[in-house]
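Model, not experiment: these values are computed from the prediction. Excluded from the calculations below are hydrogen atoms, water molecules and symmetry mates; all remaining heavy atoms, backbone and side chain alike, are included. When a residue number appears, it is its place in the shown sequence, counting from 1.
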Amino acid sequence: MIETFVSSKSTCTHMCRTIVFFVAGILTYRNNFEAAAGEFAKRYPHIKIVMIFPYGMADGTNRSSLSRLLARQLAPVGYDLIHEESRRVKAAVEIIREHGAAADQLILVGHSAGSVIAYRAGLNLEEKHGFREVQVFAVGSPKFFLKDISFNKQFTYITGQKQDKITRIGRWRKPGSRKFRGKPGREIQLDFNPDHQGWKFHASYFLNSAWSDANQVFHSNVEDLVSKIHELCPDK
């Protein structure tokens, strides 16, 4: 069941200039994007931040129930990877329309499988509802077939180091297809905390995970990520 709420880090509630929508993947907890929301609030005045969980939240689960939740969530993820307009995409579109109709700037930030929903929702908003210049950022996402369309110029794919196996899933272009020959407008690799390994790395993009590189330069996963998004999509 899709769940959504407005982050307490928002600095605006009505007639907001910028609205950011975080779109979660599977096994995601309610507070997963709060550190990132705080970083957005520092950079964008008059911002509203909305969290969307297309596959529900993982709060209240233990080890055994988490496995059952994963089993329930994987089937719709597989469906969304190959279908352009699932009920989760339609639900995300309606949430975005409700909050973002009057905004000057819409930014959709997807994580993992949520990136697929974010991309398809952004495309739907432009093709069917008259929205313009919706910016979509996919972080730690599997790849999925893309048409060769102008909307892809507004689509940025962000990965970390090779530890994240999810980013190795899928491809943009479908072999032998004349329809699916597209790719993101930008593909960017950032360095994130190398101490995180496996699934922990995949979950750490949006966390306030501090580390120092080989030159003893201080980094924070979430600060570096949001700084890059702000660089590519500055406040209007």
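- Rounded to the nearest 0.5 Å, atoms CZ (Phe151) and CG (Asn124) are 10.0 Å apart.
- Cluster annotation: Ile166 is not connected to Leu146 through the hydrophobic network of ILVMFWY side chains, with a link wherever side-chain heavy atoms come within less than 4.5 Å.
- Here the side chains of Phe33 and His111 are in contact, with some heavy-atom distance below 4.5 Å.
- Shortest non-hydrogen contact noted between Gln189 and Gln161 is NE2-CA, 4.2 Å.
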Review item, side-chain donor-acceptor pairs of residues 219-226, under 3.5 Å, at least two apart:
from, atom 1, to, atom 2, distance (Å)
His219, ND1, Asp224, OD2, 2.8
His219, NE2, Asp213, OD2, 2.9
Ser220, OG, Asn208, OD1, 2.9
Asn221, OD1, Asn193, N, 2.8
Asn221, OD1, Trp211, NE1, 3.1
Asn221, ND2, Ser204, O, 3.0
Asn221, ND2, Ser204, OG, 3.4

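- Placement of Ile149 and Leu125 within a single hydrophobic cluster is found when ILVMFWY residues are connected by side-chain heavy-atom separations under 4.5 Å, directly or transitively.
- Between the side chains of His196 and Ser209, at least one donor N or O sits under 3.5 Å from an acceptor N or O.
- Under the rule for a disulfide (SG to SG under 2.5 Å), the partners of Cys12 that lie at least two apart in sequence or sit in another chain are Cys16.
- Looking only at side-chain heavy atoms (C-beta outward), Pro45 and Asp235 come within less than 4.5 Å of each other.
- Here the side chains of Phe206 and Val139 are in contact, with some heavy-atom distance below 4.5 Å.
- Evaluation of the side chain to side chain donor-acceptor pair (under 3.5 Å) rule for Tyr44 yields no partner, not counting sequence neighbours.
- The structure places NZ of Lys128 at 7.0 Å from NZ of Lys90, a figure rounded to the nearest 0.5 Å.
- When atom types are taken as modelled, the side chain of Thr61 and the backbone of Leu66 share no donor-acceptor pair closer than 3.5 angstrom.
- Every ring-ring contact (aromatic ring centres under 6.0 Å, His included) that Phe144 has, sequence neighbours left out, goes to Tyr119, Trp172.
- Using a 4.5 Å heavy-atom threshold, the side chains of Arg120 and Leu123 count as separate.
- In this structure, His46 has no ring-ring contact (aromatic ring centres under 6.0 Å, His included) partners at least two apart in sequence or on a different chain.
- Within the 4.5 Å cutoff, the side chain of Val20 has no heavy atoms near those of the Ile229 side chain.
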Check residues 174-184 and write down every donor-acceptor pair under 3.5 Å in which the side-chain atom is one partner and the other belongs to a residue at least two apart or another chain.
from, atom 1, to, atom 2, distance (Å)
Ser177, OG, Lys179, N, 3.0
Ser177, OG, Phe180, N, 3.0

Distance-only criterion, 3.5 Å: show the donor-acceptor pairs between side-chain atoms of residues 1-9 and protein atoms not counting sequence neighbours.
from, atom 1, to, atom 2, distance (Å)
Glu3, OE2, Met57, N, 3.0
Thr4, OG1, Met51, O, 2.7
Ser7, OG, Lys9, N, 3.0
Ser7, OG, Glu34, OE1, 3.1
Ser7, OG, Glu34, OE2, 3.4

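- The environment of Arg171 atom CZ is sparse: at most 12 non-hydrogen atoms of other residues, nucleotides or ligands sit within 6.0 angstrom.
- From Ile47, atom CD1 reaches atom CD1 of Ile49 across 4.5 Å, with rounding to the nearest 0.5 Å.
- Among all heavy-atom pairs drawn from Phe53 and Thr28, the shortest one is CE2-CG2, 3.8 Å.
- The side-chain contact (heavy atoms from CB on, under 4.5 Å) check on Tyr79 picks up His83, Ser86, Arg88, with sequence neighbours excluded.
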>> Does Glu39 form a side-chain contact (heavy atoms from CB on, under 4.5 Å) with Ser227? I'd like the steps, not just the answer.
In response: CA-CA 8 Å; Glu39 292 296 329; Ser227 291; 5.8 Å; no
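- Rounded to the nearest 0.5 Å, atoms OG1 (Thr11) and CZ (Phe40) are 12.5 Å apart.
- Hydrophobic clustering (side-chain heavy atoms under 4.5 Å, transitive across Ile, Leu, Val, Met, Phe, Trp, Tyr) groups Val136 together with Val50.
- Side-chain contacts under 4.5 Å among hydrophobic residues (ILVMFWY), followed directly or transitively, place Leu207 with no other residue at all.
- Contacts of Tyr55 classified as ring-ring contact (aromatic ring centres under 6.0 Å, His included), with partners at least two apart in sequence or in another chain: none.
- Between Lys236 and Glu133 no salt bridge is recorded (no basic side-chain N to carboxylate O distance below 4.0 Å).
- Between Ala24 and Pro54, the shortest heavy-atom contact is O-CD, 3.2 Å.
- The two atoms that bring Ala118 and Val23 nearest to each other are CB-CG2, 4.0 Å, heavy atoms only.
- We find the CG-CD1 distance between Leu70 and Ile26 to be 5.0 Å, quoted to the nearest 0.5 Å.
- Taken to the nearest 0.5 Å, the CD1 atom of Ile169 stands 9.0 Å off from the OG atom of Ser141.
- In terms of heavy-atom proximity, Ala36 sits nearest to Phe22 at CB-CZ, 3.7 Å.
- Here the shortest heavy-atom pairing between Ser64 and Asn62 reads OG-OD1, 2.9 Å.
- In terms of hydrophobic clustering, with Ile, Leu, Val, Met, Phe, Trp and Tyr side chains grouped at heavy-atom distances under 4.5 Å, Ile117 and Leu74 are assigned to a common cluster.
- Salt-bridge formation is not detected for the pair Glu187/Lys143: no Lys NZ or Arg NE/NH1/NH2 atom is positioned less than 4.0 Å from an Asp or Glu carboxylate oxygen.
- Under a hydrophobic clustering in which Ile, Leu, Val, Met, Phe, Trp and Tyr are joined whenever their side-chain heavy atoms come within less than 4.5 Å, directly or via other members, Leu232 and Ile19 fall into different clusters.
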Indicate every side-chain donor-acceptor pair of residues 92-107 with a distance under 3.5 Å to a residue at least two apart or in another chain.
from, atom 1, to, atom 2, distance (Å)
Glu94, OE2, Arg97, NH1, 3.3
Arg97, NH1, His129, ND1, 3.4
His99, ND1, Lys48, NZ, 2.9
Gln105, OE1, Thr18, OG1, 2.9
Gln105, NE2, Pro234, O, 2.8

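- Scored by the side-chain contact (heavy atoms from CB on, under 4.5 Å) test, Thr167 finds Tyr157, Thr159, Asp164, Tyr205 as partners (sequence neighbours excluded).
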